[in-house]
Trainee: 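I have a structure here, written as C-alpha cells, and I will follow up with some questions on it.
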Number of protein chains: 2
Amino acid sequence: MELSPLSEAFVLHFGEMGSRWGINRTVGQICALLYVSPRPLPADEIAEVLRFSRSNVSMGLKELQSWRLVRLQHLPGDRREHFSTPDDVWQIVRTLAEERRRREIDPTLSVLRDLLMEKAATASDRHAQSRMREMHDLIELITRWSEDVQKLETDQLTQLLQLGGKVVRLLELKNRLPLLGSEQRRRRAGAGGTLATSENQEQDEDQEMLP
Amino acid sequence: MELSPLSEAFVLHFGEMGSRWGINRTVGQICALLYVSPRPLPADEIAEVLRFSRSNVSMGLKELQSWRLVRLQHLPGDRREHFSTPDDVWQIVRTLAEERRRREIDPTLSVLRDLLMEKAATASDRHAQSRMREMHDLIELITRWSEDVQKLETDQLTQLLQLGGKVVRLLELKNRLPLLGSEQRRRRAGAGGTLATSENQEQDEDQEMLP
DNA sequence: CAGAACTTTCAGTAAATTCTGAAATTAAGA
DNA sequence: TCTTAATTTCAGAATTTACTGAAAGTTCTG
C-alpha cells in the first residue's frame with residue numbers, strides 16, 4: 001500500500017513534533033497515520049506504509065495503547081488485529097490530558113508535597129520551600145481547573161473556549177451581583193499576590209448562586 | 001558549594017521530568033536549581049553544584065535563555081555573569097506557554113492550513129482533510145483561548161481558575177439573560193458536533209454585553 | 001491436535017543525543 | 001595597549017534511545 005503525499009506530509013510532521021514532546025518519532029507517525037486513515041489498519045500495513053520493521057510497529061502500538069490513544073478491533077473475515085484512533089478529536093485531547101496528568105503532573109505534585117513536609121533547617125531551604133509552595137499551588141490550581149472543565153459536555157466546553165478572554169466580563173458580572181455574600185469582596189481585597197487555593201472549601205457557599 | 005538534600009531532590013525530579021518533555025535533563029536541572037536558589041548563580045557555581053562540565057552549563061544556559069526562562073545579570077564587584085529565573089511563577093508559566101505556542105503550535109497550524117489548501121484527489125484524501133480540519137479547528141480554538149486568558153491580570157486569572165467547572169453556571173446565566181439577541185439561541189441549536197470557530201466574527205455583537 | 005497466521009519479545013546494532021576538554025573568542029582591568 | 005578572567009565553540013567520546021531480525025509465543029482453523 002502507498003501513502004498519498006497529503007497524508008505523508010501530515011504523518012511526517014507529527015513524527016517530528018512527537019520527538020519534541022518526548023514521544024518518539026515512530027510512535028508519532030503511527031498515531032498520525034491512524035488518525036487520518038479512513039479505516040482501521042493492521043500492524044503489517046502500518047509497517048509497510050511507514051517503512052518500519054514489523055516489530056517496531058508492534059512496540060509503537062503497545063505504547064499508544066498504554067496512552068489509550070488507539071483501540072484495537074477485529075474485522076470480520078480477517079484474523080489480524082486492526083487499530084484506529086477515536087473518531088472524536090475532543091476525546092483524543094481529553095485522553096491525552098488525563099494521561100499526562102497521571103504520568104507527569106501527579107507525581108510532580110506528590111514530590112513537591114513530600115518536600116514541603118520536610119523541616120527546613122537553613123534559610124536557603126526555607127526559601128526553596130517557599131518557591132516550591134508557589135509552584136505546587138499554581139500547578140494544583142491549573143490541574144484542578146482543567147480536570148474540572150474536561151468533565152463538561154463538548155458543546156459547553158466549546159462555548160466556554162469561544163468566549164476567550166471575554167469570560168472576565170462574566171466574572172465581573174458575578175462579582176457585582178448583590179445576592180452573593182461576603183465571599184468575593186474578601187477575595188477581591190486579598191487578590192494581590194498569594195494564591196489561595198484553600199478558599200476552595202467555600203464551594204458550598206458558591207453552590208447557591210444559581211438554581 | 002554544596003546543595004542541600006531538599007533542593008537536590010527538587011532538582012533531580014525536574015531533571016527527570018525534563019527528559020520526558022523533550023527538554024534535556026541537564027537543562028531541566030539547571031532551571032530547577034535557579035528556580036529554588038535564593039540568589040542569582042554564576043555558571044561555574046552551577047557546574048560545581050550539579051557536577052556538569054562548565055561547557056555543558058554554558059550550553060544549557062543558552063538553551064534556557066532562548067526559552068526566555070532565565071535572565072542574566074551582573075553583580076557589583078564580580079565580573080561573572082549571574083543567572084536567575086523570574087521571581088513570579090505565573091510569569092514562568094506564561095512564558096513557557098508562549099514559547100511552546102511559537103515553536104510547536106504555530107508551525108503545526110501552518111502545516112495543517114497548507115495541507116487543507118491542497119486539492120484532494122481521492123476519497124481517502126478527502127477523508128484525511130476532514131480529519132485535519134477537525135484537528136486544526138480544535139487546536140486553534142484552544143490556542144486562541146489560552147492566548148486570550150493569558151492576557152488577564154493574575155488575580156482575575158486566579159479567580160477564573162478557582163471557579164473551575166462552576167464556570168458553566170455563569171454560561172447558563174449568560175444564556176438566560178434576556179438582553180442578549182439571537183446569538184446564543186443559534187449557537188445552542190447547532191452545538192451538536194462541528195466546531196464553529198468561524199463564529200468568532202460575532203465578537204462585536206458580544207462586545208456590547210456589559211459596559 | 002497439527003500447522004498456519006499472526007503477534008510479541010529481546011539481544012544486539014544503528015543512530016541520535018548529550019556531554020566533555022581543549023582551543024578559540026570575548027570582555028574587563030591594569 | 002597587554003594580560004588575565006570569563007565565556008563559547010566544537011570535534012569527538014560517552015551515553016542513551018530507537019530499531020531490527022530472529023526466535024519464541026499466541027491464537028485461530030482445519
Side-chain angles (χ1 to χ4, degrees), chain A residues 1 11-12 14-34 39-67 69-84 103-104, chain B residues 1 11-12 14-34 39-67 70-84 103:
Chain A
M1 218 193 64
V11 163
L12 291 179
F14 279 84
E16 296 312 314
M17 293 316 288
S19 1
R20 295 209 189 176
W21 256 71
I23 293 159
N24 87 33
R25 205 168 40 82
T26 320
V27 173
Q29 289 192 11
I30 295 174
C31 189
L33 174 64
L34 292 176
R39 61 187 170 85
L41 298 177
D44 51 359
E45 272 188 53
I46 299 174
E48 187 196 341
V49 168
L50 300 181
R51 280 98 169 255
F52 298 143
S53 72
R54 181 52 237 274
S55 56
N56 197 2
V57 170
S58 180
M59 305 222 268
L61 286 169
K62 209 172 128 194
E63 171 86 3
L64 283 169
Q65 280 179 289
S66 85
W67 280 87
L69 286 177
V70 305
R71 54 169 182 232
L72 184 159
Q73 67 203 94
H74 279 110
L75 300 192
D78 194 331
R79 265 174 69 177
R80 296 171 303 177
E81 297 177 314
H82 290 63
F83 299 86
S84 58
R103 294 168 186 229
E104 286 150 30
Chain B
M1 220 194 64
V11 162
L12 291 179
F14 279 84
E16 296 311 315
M17 294 314 289
S19 4
R20 293 208 189 176
W21 256 73
I23 294 160
N24 87 32
R25 205 169 39 83
T26 321
V27 173
Q29 290 192 12
I30 295 175
C31 189
L33 174 63
L34 292 176
R39 61 186 170 85
L41 298 177
D44 50 358
E45 271 188 52
I46 299 174
E48 188 196 341
V49 168
L50 300 181
R51 280 100 168 250
F52 298 143
S53 72
R54 181 52 236 277
S55 56
N56 198 2
V57 171
S58 180
M59 305 224 267
L61 286 169
K62 209 171 128 196
E63 171 87 2
L64 283 169
Q65 280 178 287
S66 84
W67 280 87
V70 306
R71 56 171 179 231
L72 183 159
Q73 68 203 95
H74 279 111
L75 298 192
D78 194 331
R79 267 172 67 177
R80 297 171 302 176
E81 298 177 312
H82 290 63
F83 298 86
S84 59
R103 295 167 184 230

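Residue numbering restarts at 1 for every chain, and letters A, B, ... go by the order of the sequence lines. Excluded from the calculations below are hydrogen atoms, water molecules and symmetry mates; all remaining heavy atoms, backbone and side chain alike, are included.
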Trainee: Please compare A:Met59 and B:Ala43 by the position of their nearest nucleotide in DNA chain D and report the one closer to 5'.
Mentor: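 Its nearest nucleotide being more 5', the pick is B:Ala43.
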
Trainee: For B:Ile30 and C:dT18, what is the distance between atoms CD1 and P respectively, to the nearest whole Å?
Mentor: 13 Å

Trainee: Quick check on DNA chain C: between B:Ser55 and A:Ser19, whose nearest nucleotide comes earlier from the 5' end?
Mentor: A:Ser19

Trainee: Has the side chain of B:Ser19 got a donor or acceptor atom that lies under 3.5 Å from a matching backbone atom of B:Gly15?
Mentor: yes

Trainee: Using atom CD of B:Glu63 as one end and atom C1' of D:dT8 as the other, report the distance to the nearest whole Å.
Mentor: 15 Å

Trainee: Hey, are the side chains of A:Leu61 and A:Ile30 touching, using non-hydrogen atoms and a 4.5 Å cut-off?
Mentor: yes

Trainee: Between C1' on D:dC19 and CG on A:Leu61, what's the gap in Å once rounded to a whole number?
Mentor: 15 Å

Trainee: Using whole Å, report how far CG of A:Leu50 lies from P of D:dC19.
Mentor: 11 Å

Trainee: Determine yes or no for a side-chain-to-main-chain donor-acceptor pair under 3.5 angstrom, with A:Arg20 supplying the side chain and B:Arg103 the backbone.
Mentor: yes

Trainee: Looking at D:dT7, I'd like to know if its phosphate oxygens (OP1 or OP2) sit under 4.0 Å from a side-chain N or O belonging to B:Lys62.
Mentor: no

Trainee: Just N and O in the side chain of B:Ser58: are any of them under 4.0 Å from OP1 or OP2 of D:dT8?
Mentor: yes

Trainee: Find which nucleotide of DNA chain D each of A:Asn56 and A:His74 is nearest to by heavy atoms, and output the residue with the more 5' nucleotide.
Mentor: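 Whichever sits nearer the 5' end wins; that is A:Asn56.
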
Trainee: Would you say that B:Ile46 contacts B:Leu34 through its side chain, given a criterion of any heavy-atom pair below 4.5 Å between the two side chains?
Mentor: yes

Trainee: Side chains of B:Met59 and B:Val57: does their closest heavy-atom pair fall under 4.5 Å?
Mentor: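 Not touching, per the 4.5 Å side-chain cut-off.
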
Trainee: Whole angstrom is fine here: how far is it from CD in A:Glu81 over to C1' in D:dG25?
Mentor: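 Rounded to whole Å, this separation is 13 Å.
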
Trainee: Under 4.0 Å, heavy atoms only, any strand: does A:Arg54 hit a base, just the sugar-phosphate, or nothing?
Mentor: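 The answer is base, as A:Arg54 lies within the cut-off (heavy atoms under 4.0 Å) of a base atom.
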
Trainee: Would you say a side-chain N or O of A:Arg25 is under 4.0 Å from OP1 or OP2 of D:dC19?
Mentor: yes

Trainee: Would you mind reading off the distance between A:Arg51 atom CZ and D:dC19 atom C1', rounded to a whole angstrom?
Mentor: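 It is 16 Å, rounded to the nearest whole Å.
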
Trainee: Closest to the B:Arg79 side chain: D:dT9, D:dT4, C:dA4?
Mentor: D:dT4

Trainee: Are any of A:Asn24's side-chain N or O atoms less than 4.0 Å away from OP1 or OP2 of D:dC19?
Mentor: yes

Trainee: Send over the distance from B:Ile46 CD1 to C:dT20 C1', rounded to a whole Å.
Mentor: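 One finds 17 Å between C1' of C:dT20 and CD1 of B:Ile46, rounded.
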
Trainee: Given atom CZ of B:Phe52 and atom P of C:dT20, what is their separation to the nearest angstrom?
Mentor: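 Checked: the CZ to P distance equals 7 Å.
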
